[in-house]
Every structure is written in C-alpha cells, then in structure tokens.
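Lettering follows sequence order; numbering is per chain, from 1. These numbers come from a predicted model, not from an experiment.
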Protein chains: 2
Amino acid sequence: MHTALLTKASSSALPLFTLEALPLRKSVDAAPSTVGSVQSFAKDEEIFAEGDKAAYVYKVLSGVVRTSKLLSDGRRQIDAFHLAGDIFGIEAGDEYRFCAESVGNCVVVAYRRSHLAALTGSDAQLGQDMTMGMMRSLVRAQNHMLLLGRKSALEKIATFLLDMAERTADDSTLDLPMSRTDIADHLGLTIETVSRSFTQLERQGIIGLPSARRIVLSNRAALERLNA
Amino acid sequence: MHTALLTKASSSALPLFTLEALPLRKSVDAAPSTVGSVQSFAKDEEIFAEGDKAAYVYKVLSGVVRTSKLLSDGRRQIDAFHLAGDIFGIEAGDEYRFCAESVGNCVVVAYRRSHLAALTGSDAQLGQDMTMGMMRSLVRAQNHMLLLGRKSALEKIATFLLDMAERTADDSTLDLPMSRTDIADHLGLTIETVSRSFTQLERQGIIGLPSARRIVLSNRAALERLNA
DNA sequence: CGCTAATTTGATCAGACTCAAGTGAAGTGG
DNA sequence: CCACTTCACTTGAGTCTGATCAAATTAGCG
C-alpha cells in the first residue's frame, strides 16, 4: 500500500541483477577489492560515519543495516533499515551524510565508488541500478515524511509493522531484527511510547506478542485501517 | 549546514544547464510540446494530482510549487516547496505519488517523460540532470525526516527560515511565498504553533516581522543555534 | 544461577493541539 | 474614496498526546 510495495517488488527485479551478479562472479577469479569486497559486521558495529569520505556504495547481503543522522545533542533519526538486497551509502557529494551501523550480525558488499562512476558512464545497466536504488530510497523517504509529520503513535506503529511484514514476513509472523530504541528513533517516538503502542495493539487483539521481537499480525485489516 | 547548501550550490551547477538550455533553444524553431511546454498557473491551481499518470517531469521557471501527500482524513504533508530552477514530478513508477499545486502565480516547463526516457538512453548528460534532481530531492527529504522526527516546533521554524533564506534571500530579509497553513503542513505543525513560534522568535529579537510574510533575520547566529 | 540489558508499566509533566475569539490587511462594491 | 466583506494571521484558554522520570519485569547470557 505504500513504500514497501515498490521496495519488495523491485528488489527481485531485473535492474538489480547486474549489481548482484557482476561482483560475485568476478570476485571468484579476480581481486574482489577492485569490484566489490564482502565485509562482515557484528551487532552495532559502525560501517561508516556521518562525514566520512564516501568511497563506497554498499549492498546488504544478509542481516540489517540502519542509517541514521544525529542532532548535536544526541537526538537520533534513523532514516531507514536496509535489508538483504538493499543498497545504501549512495551519495551525491563526497562525504556520507549518514552514519551506517549493523543492527545485528550482517554481511555487505562494498563497491568502490570511483569504479562505479567509471562503469556508470559506459555501462548503462549499472547506472540504472544506482538510479533504482536512489529512487527506492526517495520513495521510502517521502512516505516516511508523511508518517513522521502527520501520523499518530499508533498509526506510525501500524505502518511500520505492515512495512516490515511486506519486506520480510512470509506468513503473518514477523521477527523484528531491531530494538525498541531503533524503532523509536525511526518513527520519531520514545521507546516507552513504542512499547505502549505494541501493548495496546495486543490488548485490542490486532497483534500477538509471543516475545518482545516476535509479532503476529492477527488482524491485518485493522492494521491497514490504522495505516490511514 | 544542511539541505539548503547542496540545493543552492547545485542549482547553478553544470548538470542542470542542459535541461535548461536544450528545450528553450529548441522551442524557438521546433514544436515546443515535443520537448518542453511552458505552462502558467494562478494561485492554488493543481498541476497534477496524486495518482495521475506521470507523463511529464516539470521544472519551475518562476514562482513556487508545493508537492504534497494526503492521508485519507485530509491530513496533509507538504514534502517540498520547489523554487525557480527546481525539478519536480520525477517518478519511478507510472503515476505521481504526490499532488503538485502552485503556491502563487507560477510558470513551469513540462517535459514529456517518454521523450526524456529516450534521451536518457542516448544522452548521458540529460540522464544525469534527472539523477541530480533526484539526488537533491533525496538529500532534502532525508534532512527533513530528521526535522519532522526529532526537532521541536521552534527548531523546525528556525531550520525552515534558514533554509528558505539560503534559497531565496539576498540579504537578511526574507519574503515567504507561502501561507502559514503551507508552512505548518510542511513542518508537521499546526498554523497556530507556526504563528506562535514566529511571535516568540520576534519577541526574543531573533527575527523581525514587518509584515506576516516578511521576515528579517536579525540574529542569524541564534537561529543557527536553534538549528541544532 | 546470578548478572546485565532490554522491555514494560506507572505516574506525572509539558509541548503542541484544539477550540474559540480577536485583529488586521486586502480586496470589493457602492 | 470609503464602508464592508473576506481571508489570513494572531492570541488566548483549556485539553490531550506523547515525553519524561522512575520502578518493576523479563529476557538473555556468561
């Protein structure tokens, strides 16, 4: 119904295939570092910081990455969670305007940006991959602005759950990879409000909470109604 | 410091030049409609609606355009104000996910999207213009998420004023082209809170309000401090 | 099994919203 | 040219949602 639709639909679509296949193939018989190097991170490790030289563009292979911005006094806004297949770290300028961290253990491929730039000129397909990645970020960001600016706490949570379900869940059970703090900083709320909203949805029979991070969407229609 | 810097810097940079010069030159000796057609709108006219077939990409020649999203119950989020030189209406899918309206009288050029798509394949420069437009939208959107999710009313207004000043003002005087309602829907506030914030900044001697829409930035340092 | 961190819950508070008037400026028509 | 209407903005009073502060549970984990 919103953001997630495009994201999910496109992540398995053609354009991305190139970016996926190219480095993996090459890394077998060539130096991986020149095309794409695979990197692993443990929980809460920094992949890059706000202000770092933006030398790489990344793609998530497994796990989850959060990109966030900080205010001088520590207030944080997580602009997106990046799941397997998602691209992050695309920048127009020469530095990252975000910090990127692993949410749990995760594996990413890093593509040297200078190399991509050269390819983008000659290889139209690869340029389109970057463009698609950007488009998807833009769509997500724009939908998220509506959420942040105009939705109530309960509506924010409902939208978030539907979005995550769309992106990860096979059935009606959803395993959240991130903490309440991360969710709060993504939705512009506090952890207490996030927790209370979950509890309220559970009491209304709209979701089940077998454990803190496992959500059962028992009444998706009600969630969609809250989605406004 | 944020959004506005890149926007301003890039709006006069090279990549955009092509998009500006190409249609204007051609429209003199060729049918303008095939490349870019100039359209005028009076105050509060609709340029396109959310869900319309996204047949054109637009560029503002003069005046201001707002793009917004609506919730089912009428709550509105203005994602951006587009000033002269700004591109809007770029879509990945085949329909607009926004509504676009003129804020005051304004003139725009409409580029047929099918035509651009063809050019993007052959003309790398033009493709980069679109890419740049998208990048700038993305940067703005990402900064705006931080504002919507984590800033107080006063901080939102301060950021907004600095941003508008950066984009339009020559000196320390700023003429706002939009109403309090538009500002409120852009910043995720109500008109009353917007008004009260302006009054408060005035009382603190940080801004002057010779008339409702004319702002004098008498203490830019204080504003920047509020910018967090 | 005890320790630490994450989450939930409770009580209170505050910033922003709602509702309601009041003020002022711009435009209209006599 | 001036009274009248209208619309945009400001101001005030009271309310409410979500934040803050604080404590209790619960869940992981070594």
Side-chain angles (χ1 to χ4, degrees), chain A residues 42-44 66 71 73-77 103-105 147-161 174-204 207-215 226 228, chain B residues 42-44 66 71 73-77 103-105 147-161 174-204 207-215 226 228:
Chain A
K43 186 171 144 73
D44 291 325
R66 62 171 175 261
L71 249 29
D73 64 354
R75 280 172 288 174
R76 185 177 69 151
Q77 176 65 41
V103 169
N105 290 353
L147 177 147
L148 292 171
R150 289 298 180 213
K151 290 189 183 179
S152 71
L154 220 52
E155 290 170 337
K156 285 176 178 181
I157 295 289
T159 303
F160 174 71
L161 289 179
L174 176 59
D175 280 293
L176 295 177
M178 72 289 286
S179 68
R180 296 290 188 262
T181 303
D182 282 347
I183 297 173
D185 284 348
H186 183 48
L187 302 181
L189 299 169
T190 59
I191 53 170
E192 293 94 333
T193 300
V194 170
S195 183
R196 275 186 254 269
S197 301
F198 276 133
T199 305
Q200 188 179 337
L201 288 176
E202 186 190 26
R203 271 203 274 263
Q204 293 181 258
I207 64 170
L209 283 167
S211 78
R213 298 200 181 185
R214 167 157 298 183
I215 316 276
L226 276 174
Chain B
K43 186 172 144 69
D44 291 325
R66 62 172 176 260
L71 249 29
D73 64 354
R75 279 172 289 173
R76 184 177 70 151
Q77 177 65 41
V103 168
N105 290 352
L147 176 147
L148 291 172
R150 288 299 181 212
K151 290 189 182 178
S152 70
L154 218 53
E155 290 170 338
K156 286 177 177 181
I157 294 290
T159 303
F160 174 71
L161 289 179
L174 175 61
D175 281 294
L176 296 177
M178 72 290 285
S179 67
R180 296 292 189 262
T181 304
D182 282 346
I183 297 173
D185 284 348
H186 183 48
L187 303 180
L189 299 170
T190 58
I191 52 171
E192 293 95 334
T193 300
V194 170
S195 184
R196 275 186 254 270
S197 300
F198 276 133
T199 305
Q200 186 179 338
L201 289 176
E202 186 190 28
R203 271 203 273 264
Q204 293 181 259
I207 64 171
L209 283 167
S211 76
R213 299 199 181 186
R214 168 158 297 184
I215 317 278
L226 276 174

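Using a 4.0 Å cut-off on heavy atoms, the residues of residues 187-197 of chain B that approach DNA chain C are B:G188, B:L189, B:T190, B:E192, B:T193, B:R196, listed by number.
One atom, CZ of A:F198, and another, P of C:dA6, lie 16 Å apart when rounded to the nearest Å. Whole-Å rounding puts the B:K43 NZ to D:dC7 C1' distance at 10 Å. Between the CG atom of B:D73 and the P atom of C:dT18 there is a distance of 11 Å, rounded to whole Å. Atom CG in B:L154 sits roughly 11 Å away from atom P in C:dG15 (whole-Å rounding). Residue A:Q200 contributes atom CD, which lies 14 Å from atom P of C:dT8 at whole-angstrom precision. Rounding to whole angstrom units, NZ of residue B:K156 and C1' of C:dG15 are separated by 11 Å. Rounded to an integer number of Å, the gap from B:L209 CG to D:dA8 P is 18 Å. The distance between atom CD1 of A:I215 and atom P of C:dT7, rounded to the nearest whole Å, is 11 Å.
For the OP1/OP2 pair of C:dA6 and a distance below 4.0 Å, the side-chain nitrogens and oxygens of A:T181 include no atom meeting the criterion.
Between the CG atom in B:L176 and the CZ atom in B:F160 there is a gap of 5.5 Å [rounded to 0.5 Å].
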Side-chain donor/acceptor pairs under 3.5 Å, residues 194-203 of chain B, sequence neighbours excluded:
{"unit_1": "B:S197", "atom_1": "OG", "unit_2": "B:T193", "atom_2": "O", "d": "2.7"}
{"unit_1": "B:T199", "atom_1": "OG1", "unit_2": "B:S195", "atom_2": "O", "d": "3.0"}

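A 6.0 Å sphere centred on CZ of A:R214 holds no more than 12 heavy atoms belonging to other residues, nucleotides or ligands.
B:D185 pairs with exactly one of B:R76, B:R66, B:R75 by the side chain to side chain contact (heavy atoms under 4.5 Å, CB included) rule, that one being B:R76.
Within 4.0 Å (heavy atoms only), B:S152 reaches sugar-phosphate atoms of the nucleic acid but no base atom. Within the 4.0 angstrom heavy-atom criterion, no nucleotide atom of any strand lies near B:S211.
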Q | side chain to side chain contact (heavy atoms under 4.5 Å, CB included) between B:T181 and B:I183, intermediate numbers included | A | CA-CA 5 Å; B:T181 304; B:I183 297 173; over 6 Å; no
Q: Run the numbers on B:K43 and B:V103 for side chain to side chain contact (heavy atoms under 4.5 Å, CB included), then give the verdict.
A: CA-CA 6 Å; B:K43 186 172 144 69; B:V103 168; over 6 Å; no
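Taking the side chain as every heavy atom from C-beta outward, B:R213 and B:S179 approach each other to under 4.5 Å.
Toward the 5′ end of DNA chain D lies the nearest nucleotide of B:R150, the other residue of the pair A:A212 and B:R150 mapping further downstream.
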